[in-house]
Every structure is written in C-alpha cells, then in structure tokens.
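Throughout, a chain's letter reflects where its sequence line sits, starting with A, and its residues are numbered from 1.
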Amino acid sequence: MTSDRGLIAGLSLACTAALIAACLLGSTPMGLPRVLAAIAGQGPAGDSLVIWQIRLPRALAAFMVGGALGVSGAALQGLLRNPLAEPGVLGVSSAAVLGATLSLYYGLTAISPWALPIASIIGALIATAIIALAAIRTQSVVTLILIGVGLSSFAGAAMSLLMNFAPNPFSLSDMVNWMLGSVSNRSYREIGFAAPFMAVGFAVLYGARRGLSALTLGEEAASGLGLNLKVQRISIVLGAGLATGAAVSIAGAIGFVGIVAPHIVRPFVGHDPARSLLPSALLAGLFLVIADIGVRLLPTQSELKLGVVAAIFGAPAFIWIALQRGRRHD
Amino acid sequence: MTDVRAQNMSVSLGGKALIEDVSFCLKRGEFVALLGPNGAGKTTALRALLGLEKLRTGEASLAGTKVGALSPLQRARQVAYLPQARPLAWPNRVKDIVALGRFSHGAAMGKLKGTDLAAVESAIAACDITHLSDRNAETLSGGELARVHCARAMAAQAPFLIADEPVAALDPRHQFRVMDLMSAYVKDGGGALVVLHDVALAAHYADRLIFMKDGRIKSSGTPLQVLSSKSLAEIYGVRADVKGRSVVIHGIL
C-alpha cells in the first residue's frame, strides 16, 4: 500500500512538472519569470493570453485525454484479462470518432455544444458493448481483437464515406484532424463539455475496481467469490465508454497510450488490476502531455498530430507486448 | 438448519436437461464426494447449488435461505467455491491470490489488515505454502498451485466448501496432500462437497458418496453402503473389486 502511495505521489509530481513545463515551452520562447508573472496575472496581456488561453488548456486537454484512455485501457485489460485490450485496439476509439464526425457532418454541433461529446460517447458505448457481449461468448482474445479490427475498419469505411461526401475542403480537413488525433487549439470550452462525462466514467471504473481483482481468477471463480459478473461487465463497459468517448470528443483518436501505460504500471502494483487504474491514468496523462510538448517544439513545417506520434511509439510497443505474451501463453 | 440443501433441482440448456430432480444436503463437519462419469452433470449441480444456474424446477438453499434471495457476497461468505478451471490472468504473488479469498469480506488485494490478514496467513500456513507466499504464481508447479487455490478457498473461512475436481492432474502425493487439507477443514467444522473422479480416493476420505449419471442421482450413502462391483459397473461401466473402503478397478466391461 505504501509503495502504491509512493508511485501515485511520484506520478502526480511528474504530471504537475510536465504541465508546468508545457506552459513554459512553446513556439514563443518565454522565460520562467515571464511565465510566473503571467500566471500571477501581471506582465503583458499577451503573455497571460498565451499561458492561460493557449498553452494551459492544451496541456490540460492532453493530460485529461491521456488519463481517460489510460484508465479505460487498464479497466478493459482487467475485465478481459488481457494486456492487449485498449480502446484503440478494440475499435472503441474509432467508433467514437465516427460518432463525433457524424455529429459534425449533420451539423448537430450547431444545435447544441453537447452534441459532439454525446455523439462520440454513444459511438464508444456501442463499440464497448459489442466487445463485452462478444467476451461473454468467447474467451479467445484473438477473437476480441479481430472484432476490434472489424469495428475499426467499419468505422474507417464510414468515415471515408463521409469524407467523400464532405461539402467543402474545410469540413474535410476537420474530419482528418479528428481521425489523426490532436489537442491543438483546444479551449476550456471543449474541455468543460467533456469533463463531466470523463469524471463519471472514471468514478464508475474506480468504483468497480475490486471486481477487476477478483476477475484475476477467471469469471467462474470470480462469481464464486461473490462478484456480480453482469453488474461488473456493465460498469466497465459504461465507464470505459464514457471516458473514451469524452476523450475522443476532445482530441479525436489517440491510440496505444492505453496499452503502454498500464503495462508499465502493472509490475509496480503487484499486477493487481484494481491498483493499476489510478497510476495508469496518471502515467498515460503524463505521456500525452510530454508528447504534446514534443509535437509543439519539433521544428516541422506543419505541426505533427499527437495521435500520429502516439501511434509511432505505441504501435511497436503493442507488437512487443504481444510477442512477450505469445512466449508465455497460448 | 445450518446446511446446504438442494431440493429437486433441474437445469436445462436449450431444451436438453443437464440435471434432473437432484436433491441432496451437506451438513457442517461432513465430507461428501460427488462422483460420476464425465457429463453426468456434477459441475452443473454444483453451480445450481451456488445459484449460478437458472433452475427449471426445485431450489437450492443455504442455512434455510433460498440461494437466490442472497446477494452474491452474502452467499460467498457462506460457501467457498473452487471451480474446475483455475486460470490466472496475471503473474500475481501467491499471497495476493490467497487474499482474493477475502473478497466477500470486502478486503482488497495487497491491502490486508486485521481479521482479513489473519485469515489469509492462517490459510497459507494450513496449506503449507508459507515459503511460497512471495513467489510469482506463474512460476509454481501444478501441485503447489493446487495448494494455493485451496488456501484461497479456505481464507474465506466460510462454513462450506465446494470444490470441483481439486486433485485433477496432480501426482498421487499431491492428491493426498490436497485431500488432507480438505479433510482438516472438515475436522474444524466445515462442510465440504468435492467432485472427484478417483473412486478409491473418494472412498478413503469421504463420509458420504453421491453418484450421478445422466443428470440424475443414482445412489447416495456411506462408502460401505454404496460401493460394490455391481454399482461401479452400472455407473462407470468398469470391472472393479470392492473390499470395504478399498476399490481396485481392473478395466472396462
């Protein structure tokens, strides 16, 4: 327990440091005194605009998106008892992106600002429910991941269709942004509309964490231990769907961070899925904040997309984890 | 009425009867072995008793209360269940796995204290796995792992234990070690219902044998009452010599 506390405290400290660093660093170089002055509300108005309205919301968005994906990944891995489960791999993120894009395409976002987060959450919930239903019928993780591939392909095809019919180049580039995943130009407004859903999702997952430990022994033994399997499945599906959907409504599809973070955390919490939830969220948040700083600082012609960077590092890690697993199991 | 009771339980799946009109009871301080050929419905009977199967007829009750009226946690505090398949999803430490036995008491893995900690430690000591308690469970042998699962079930300190083939795939020495653990649990006042395939082992340990075939109970009683060459021929289709509690099977009929 004490080691858990140490881990959580260390990660929280690192996250805070990364968020401060994200405010310090950027295309306009600003020294620490200038940043501190801006945070305190003194100094030139431009400085405080850059810090408060551009850098901080962007860094917070990256942190929250990472946190939501990290906790969803850890929870889905606990439910499916497999280290390769993750919203991106299981097609949940792409389904959420499809939901978000549909709401953009049909102009629902003009009716209410809640339309986008709700549409992406509905997409995420549908995908999570399909995966969970399939998991009742089959114990094979390969099957589940193949279903995820199917869901991703379907969502991808539907997105391509929408892009085909895009009314103008602007909405086309909007959709591309969504598919690639990015937190650039995010404001408190977008964060605010997603935050309540994320908070509820996180609370639901955290509330169901003990059941994830019980599932370590398999579903039969877990129900023998007194776990209500149906309630457990519904909680994880609902929690992961809410958190992932809300994350996608901020940043679009960002894959693999939900696999890598829990994988690193697990040995430090005795491989207990329950205790991996919070540290996984913090670590995944930390990853995305740092990755986003990198994206902003790299002197590329047009800014790299966060989702692309996450996949470039995450996909090889996914393959490596799968190979490790193949040696021990199957 | 501190007993586990099955009354006229029937379970069907897709129109096919898995068990039909199954009744028996298990008292504290009693070691009951459930036997029968593969597909006889033994596992289904256990699951039905635990409220994990939908009953077509009959009912299962725990100390006079219908199992269905208990919450899963209440039920788990009364009956510990050791299923046949015992997968481990993660490379956990042995003592964390045993700690899961305290799930129904609200304990969390790795954060044990008070009575939960005491229960886990005494179960670990009783099953003679103290020297393994910090090991990664994936590195254990089949015999060691079987004792870990026993310790997990016993850590619940439930008055009843239901175990489905706890000695499958174990060498003779480990079979006896696991059966000794169950026997000690019964001597301490617990009631154990254990599915076994080894008739000789069952006859050696159990106070009472229940034989099932084709979803029905064929016979039930003390080993001396129910064991005979004739009954084993009828149930398993084997040639066997029975002398008192000793059973030797020679081959198929």
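- Taking 4.5 Å as the limit, every side-chain heavy atom of A:Phe63 sits out of range of all side-chain heavy atoms of A:Leu286.
- Neither the backbone nor the side chain of A:Pro267 has a heavy atom closer than 4.5 Å to any heavy atom of chain B.
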Quick one: do A:Ser276 and A:Arg266 satisfy side-chain hydrogen bond (donor to acceptor under 3.5 Å, both in side chains)? Show the steps, please. CA-CA 6 Å; A:Ser276 77; A:Arg266 224 174 272 122; 5.4 Å; no
Between A:Gln77 and A:Leu212, is a side-chain contact (heavy atoms from CB on, under 4.5 Å) present by the stated rule, with each step listed? CA-CA 9 Å; A:Gln77 289 166 20; A:Leu212 295 177; over 6 Å; no
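- The cationic group of A:Arg210 lies under 6.0 Å from the six-membered ring centre of B:Phe103 and within 45° of the ring axis, placing it in a cation-pi geometry.
- A:Pro316 and A:Ala311 make their closest contact through CD-O, 3.8 Å (heavy atoms, listed as atom of the first residue, atom of the second, distance).
- Residue contact with chain A, scored on non-hydrogen atoms closer than 4.5 Å, involves the backbone and the side chain of B:Asn92 alike.
- Between chain A and the residues B:Ser104, B:Ala153, B:Pro83, the most heavy-atom pairs under 4.5 angstrom are made by B:Pro83.
- When side chains are defined from C-beta on, B:Arg56 counts as touching B:Glu20, because their heavy atoms get closer than 4.5 Å.
- Contact residues of residues 227-236 of chain A toward chain B are A:Leu227, A:Asn228 (heavy-atom distance under 4.5 Å).
- Only the backbone of B:Ala107 has a heavy atom closer than 4.5 Å to any heavy atom of chain A.
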Where do B:Asp180 and B:Tyr205 land on the side-chain hydrogen bond (donor to acceptor under 3.5 Å, both in side chains) test, with the steps shown first? CA-CA 8 Å; B:Asp180 282 341; B:Tyr205 280 95; 2.6 Å; yes
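- The two residues A:Leu205 and A:Ala75 make their nearest non-hydrogen contact at CD2-CB, 3.7 Å.
- Summarising the geometry of A:Pro262 relative to A:Gly70, their closest heavy-atom pair is CG-O, 4.0 Å, with the distance given to 0.1 Å.
- Taking A:Val237 as the reference, A:Thr128, A:Ala129, A:Ala132 meet the side-chain contact (heavy atoms from CB on, under 4.5 Å) condition, with sequence neighbours excluded.
- Interface remark: A:Arg209 contributes no atoms to any contact with chain B (heavy atom separation under 4.5 Å).
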In residues 154-161 of chain B, what donor-acceptor pairs under 3.5 Å come from side-chain atoms, sequence neighbours left out?
none

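- Interface remark: A:Ala214 contributes backbone and side-chain atoms alike to the contact with chain B (heavy atom separation under 4.5 Å).
- Taking every heavy atom of both residues into account, A:Leu69 and A:Thr244 meet most closely at CD2-CG2, 4.1 Å.
- Heavy-atom proximity under 4.5 angstrom to chain A picks out B:Pro72, B:Leu73, B:Arg75, B:Ala76, B:Val79 from residues 69-80 of chain B.
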